[in-house]
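Read the numbers this way: they start at 1 and go in the same order the structure lists the ligands and their atoms. Owing to the predicted nature of the structure, the values given are computational and were not obtained by experimental measurement.
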Amino acid sequence: MKIGSTDALLVIDPQNDFCEGGGLAVAGGAGLMPGINRLAERFAKVIVTQDWHTPDQISFASNHDGATPFTEIEVAYGRQMLWPDHCIQGSPGADFHPDVAPTVRRAVAVIRKGYNPAVDSYSGFFENDHRTPTGLSGLLRDLGVTCVFLCGLAYDYCVRFTAEDAVREGFEVVVISDASRAIAPQSEAAARDSFRAMGVAEIEAADLSDGV
Ligand code: VGL
Ligand code: ZN
C-alpha cells in the first residue's frame with residue numbers, strides 16, 4: 001500500500017500514562033515510539049491526539065465511591081468503563097512519551113480530547129456521547145485528507161473508536177497493527193472484529209511504501 005498526498009497519519013495518545021509505569025499502562029507502549037517516528041517521517045500530514053482529563057473526569061473510578069477500575073457504570077450517555085486516574089492536564093503522565101518527540105515536532109496539529117469532566121472521549125473525532133465533535137473532522141477536510149492511517153495507544157479503545165468514527169465521517173481508514181498495542185485481549189479481539197465489519201483495513205508498517 002502506497003502513501004499518497006491526501007493521506008494523514010493519526011498518532012493516538014502516545015503519552016506517558018499509557019506506557020510502562022504510567023497510570024493506565026499498556027504493555028509494549030513505550031516500545032512503539034521509534035517505529036511511530038519512522039512512520040511519521042513518511043507522511044506529509046501528521047496529527048497527534050492527546051488524552052487530556054481533569055481530576056473530576058467521570059470515567060475515573062476514583063470519582064465514584066467504592067468503584068473499581070475496569071468495571072462499567074451507567075452514565076447519561078450510556079455505559080462507561082471506569083479507569084484508573086490517567087492523563088490529568090498538566091501532569092507528567094499526560095505528557096507525550098519522550099521517545100515520540102520527533103513525531104510531535106512534525107505534527108501539523110495536536111487534538112486534545114476528554115477535557116469535559118462529564119463525558120469521556122476515546123475517539124479523536126467525537127466524545128463518548130457520539131455527538132460532541134473535537135474539530136478533527138473539519139481539520140482533516142480542510143487539509144484535503146481523504147484517507148487516515150492510525151497508530152498508537154490503545155488499539156482496543158482510542159484507536160478503535162477513532163477508526164470507527166473516521167469511517168462514519170467518510171474517510172478511508174487503515175490501522176497499522178504493529179504500531180499499536182491493546183489494553184486487554186478480549187477488547188482487542190472485539191476491536192479486530194469491528195474493524196473487519198466496518199471496512200477498516202489492517203496492515204503492518206512493512207506493507208507501506210512511499211508514494212508520489
Ligand atoms: C484510552 C482508556 C481511557 C486510550 C484513554 O487512549 O485508549 N483508553 N482513556
Ligand atoms: Zn482517558
Side-chain angles (χ1 to χ4, degrees), residues 9-33 36 47-64 67-73 75 77-97 100 103-104 107 110-130 132 134 136 148 150-166 173 175-177 179-192 194-195 200:
L9 181 70
L10 305 187
V11 181
I12 306 300
D13 302 356
Q15 294 166 263
N16 288 324
D17 268 338
F18 298 122
C19 293
E20 291 79 353
L24 179 44
V26 182
L32 295 177
M33 303 308 166
I36 289 176
I47 292 163
V48 181
T49 66
Q50 189 173 27
D51 213 34
W52 198 242
H53 299 308
T54 56
D56 57 347
Q57 162 61 223
I58 194 167
S59 72
F60 289 174
S62 63
N63 289 321
H64 303 270
T68 332
F70 309 107
T71 61
E72 284 188 338
I73 58 164
V75 297
Y77 53 85
R79 294 194 72 70
Q80 173 64 55
M81 181 72 84
L82 295 177
W83 303 106
D85 290 11
H86 64 277
C87 298
I88 292 175
Q89 299 176 7
S91 72
D95 284 344
F96 293 117
H97 191 279
V100 84
T103 294
V104 178
V110 173
I111 297 288
R112 288 179 168 165
K113 61 181 181 67
Y115 46 76
N116 179 351
V119 186
D120 199 1
S121 187
Y122 297 151
S123 164
F125 289 92
F126 291 94
E127 294 182 348
N128 285 8
D129 61 3
H130 299 290
T132 312
T134 62
L136 178 56
V148 291
L150 276 74
C151 62
L153 298 164
Y155 177 89
D156 42 351
Y157 287 93
C158 289
V159 173
R160 174 183 178 178
F161 277 64
T162 304
E164 293 174 351
D165 277 347
V173 187
V175 170
I176 308 169
S177 311
S180 186
R181 287 289 180 279
I183 293 173
Q186 203 179 324
S187 39
E188 180 176 9
R192 191 152 281 133
S194 163
F195 290 160
V200 172

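Between the side chain of N16 and the backbone N or O of G22, no donor-acceptor pair lies under 3.5 Å. H64 contributes no side-chain N or O that, together with a main-chain N or O of S59, makes up a donor-acceptor pair within less than 3.5 Å.
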Less than 3.5 Å apart, which donor and acceptor atoms pair up between the side chains of residues 179-191 and the rest of the protein, not counting sequence neighbours?
unit_1, atom_1, unit_2, atom_2, d
S180, OG, G152, O, 2.8
S187, OG, D156, OD2, 2.7
S187, OG, A184, O, 3.2

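Scored by the side chain to side chain contact (heavy atoms under 4.5 Å, CB included) test, Q89 finds W52, T54, Y115 as partners (sequence neighbours excluded).
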Ligand 1: protein N/O within less than 3.5 Å of ligand N/O:
unit_1, atom_1, unit_2, atom_2, d
ligand 1, 6 (O), D13, OD2, 2.8
ligand 1, 6 (O), L153, O, 3.2
ligand 1, 7 (O), A154, N, 3.0
ligand 1, 7 (O), C158, N, 3.0
ligand 1, 9 (N), D51, OD2, 3.1
ligand 1, 9 (N), H86, NE2, 3.0

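Using cut-offs of 30° and 60° on the angle between ring planes, the pair W83 and H86 is perpendicular.
For the residue pair V11 and T103, the shortest heavy atom distance occurs at CG2-CG2, 3.9 Å. Across all non-hydrogen atoms, the minimal contact from D17 to A94 is OD2-N, 4.2 Å.
With rounding to the nearest 0.5 angstrom, the NE2 atom of H130 is 7.0 Å from the CG atom of D165.
Using modelled atom types and a 3.5 Å distance limit, the side chains of Q15 and D51 yield no donor-acceptor pair.
Taking 2.8 Å as the limit, the number of protein N, O or S atoms around the Zn ion (ligand 2) is 3.
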